[in-house]
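No hydrogens, no waters, no symmetry mates; every other heavy atom, side chains included, goes into these values. Read the numbers this way: they start at 1 and go in the same order the structure lists the ligands and their atoms.
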Amino acid sequence: MVTIKSKKEIELMKEACRITSLVYKEIEKVIKPGMSTLELDKFAEKVIHENGGIPAQKGYPSGMRGVPNFPATLCISINDEVIHGIPSAHKIIHDGDLVSVDLVVCKNGFNGDAARTFIVGNASKEAKNLVEVTKQAFFEGIQYAKPGNRIGDISHAIGEYVEKNGYSVVREFQGHGIGREMHEDPGIPNYGKAGKGIRLEPGMTLAIEPMVIAGKHDIYQDEDGWTILTDDGSLSAHYENTILITEKEPEVLTLV
Ligand code: MG
């Protein structure tokens, strides 16, 4: 079900999103080569708790038999890892790595969801371009995030932009509505046909998240049951914000 948020609910959403945004500002200051992904995870968890939030991905069910719930605050996915990487003390961030971080903060019963790919140290020109295109794909998409337009208009704009730049979008995972639940309707694919899908209305809150691969779009899941990697070993990047559909331009709630 697609939920339309009231004014009061939007204020609560904004607070969760503000903390999500803050965590990224703090991560940007500390992320560096030599750090383990678990260290980064614990750092983010502390910032969230200091701001009265809850790390909403921690304990999230895998939905797969024999696969434990997600154990950490952040999903941290490096280089050819696309999404859902599990932080570990043994996983060290190296100079030149692309480190994709995904985070959901819950506060007062509402969620804020955003993802960033950090370029750590000296990355290649290709790697930097991939990150830039992934970020820009989000902004291409939200140009269509207005009342009367349809979900497919956003999906189409993202997919077209990415492919025009010679990259691929992940097909098996997508953006989503968000609110009291981390994942609400509608699903928002990063490719598709313009003019298709439900119509956008003011008060909808959506997590729009291009997941882009430098090579082919195929992916596979690691035996840990969580981490998603590129099949061809090429680099991947992720960029996500929670947005609010208004009467006019969309508001990006996790860029504050
Ligand atoms: Mg996310």
Side-chain angles (χ1 to χ4, degrees), residues 3 13-28 31 37 40-41 44-45 47-48 53-63 69-78 81-87 98-107 110-118 131 134-135 137-139 141-142 145 151 154-155 158 162 169-190 204-213 219 221 226-229 236-244 250-256:
T3 58
M13 284 284 297
K14 283 185 176 176
E15 174 60 6
C17 289
R18 184 193 67 79
I19 301 169
T20 306
S21 181
L22 173 72
V23 172
Y24 282 120
K25 285 181 197 157
E26 296 300 317
I27 286 176
E28 184 127 45
I31 190 168
T37 55
L40 195 60
D41 184 73
E45 188 169 14
V47 176
I48 293 165
I54 299 165
Q57 294 179 137
K58 199 169 190 175
Y60 195 82
S62 74
N69 296 349
F70 196 78
T73 293
L74 303 176
C75 296
I76 307 180
S77 312
I78 299 180
E81 295 172 346
V82 183
I83 47 169
H84 300 169
I86 302 173
L98 292 190
V99 180
S100 296
V101 179
D102 198 352
L103 163 68
V104 184
V105 173
C106 185
K107 189 168 178 181
F110 284 87
N111 293 286
D113 189 354
R116 305 280 181 266
T117 296
F118 294 93
V131 172
T134 305
K135 181 177 178 181
F138 166 86
F139 289 100
I142 68 163
I151 289 292
I154 300 174
S155 302
I158 292 172
V162 169
V169 292
V170 172
R171 308 296 171 104
E172 292 85 348
F173 295 89
Q174 59 184 5
H176 48 91
I178 180 167
R180 284 190 187 279
E181 302 295 329
M182 191 194 302
H183 297 118
E184 296 185 356
D185 288 335
I188 310 166
N190 291 309
M204 287 181 179
T205 43
L206 308 172
I208 295 176
E209 49 176 325
M211 291 161 256
V212 178
I213 298 177
I219 54 167
Q221 187 167 49
W226 280 104
T227 314
I228 301 296
L229 298 101
S236 182
H238 190 191
Y239 187 81
E240 174 182 32
N241 284 301
T242 299
I243 69 163
L244 168 69
E251 248 185 89
V252 183
L253 305 183
T254 44
L255 271 183
V256 290

Residue Lys107 excluded, over 12 heavy atoms near NZ under 6.0 Å: yes
For His84, ring pair (Phe, Tyr, Trp, His ring centres under 6.0 Å) partners two or more places apart: Phe173
Atom name in Asp113, limited to N/O/S, at shortest distance from the Mg ion (ligand 1): OD1
Nearest to the Mg ion (ligand 1) - the N/O/S atom of Asp102, by atom name: OD1
Residue Glu240 atom name (nearest to the Mg ion (ligand 1); N/O/S): OE1
Heavy atoms of other groups near Glu172 CD, more than 12 under 6.0 Å: yes
Side chain to side chain, Ile142 and Ile208, heavy atoms closer than 4.5 Å: yes
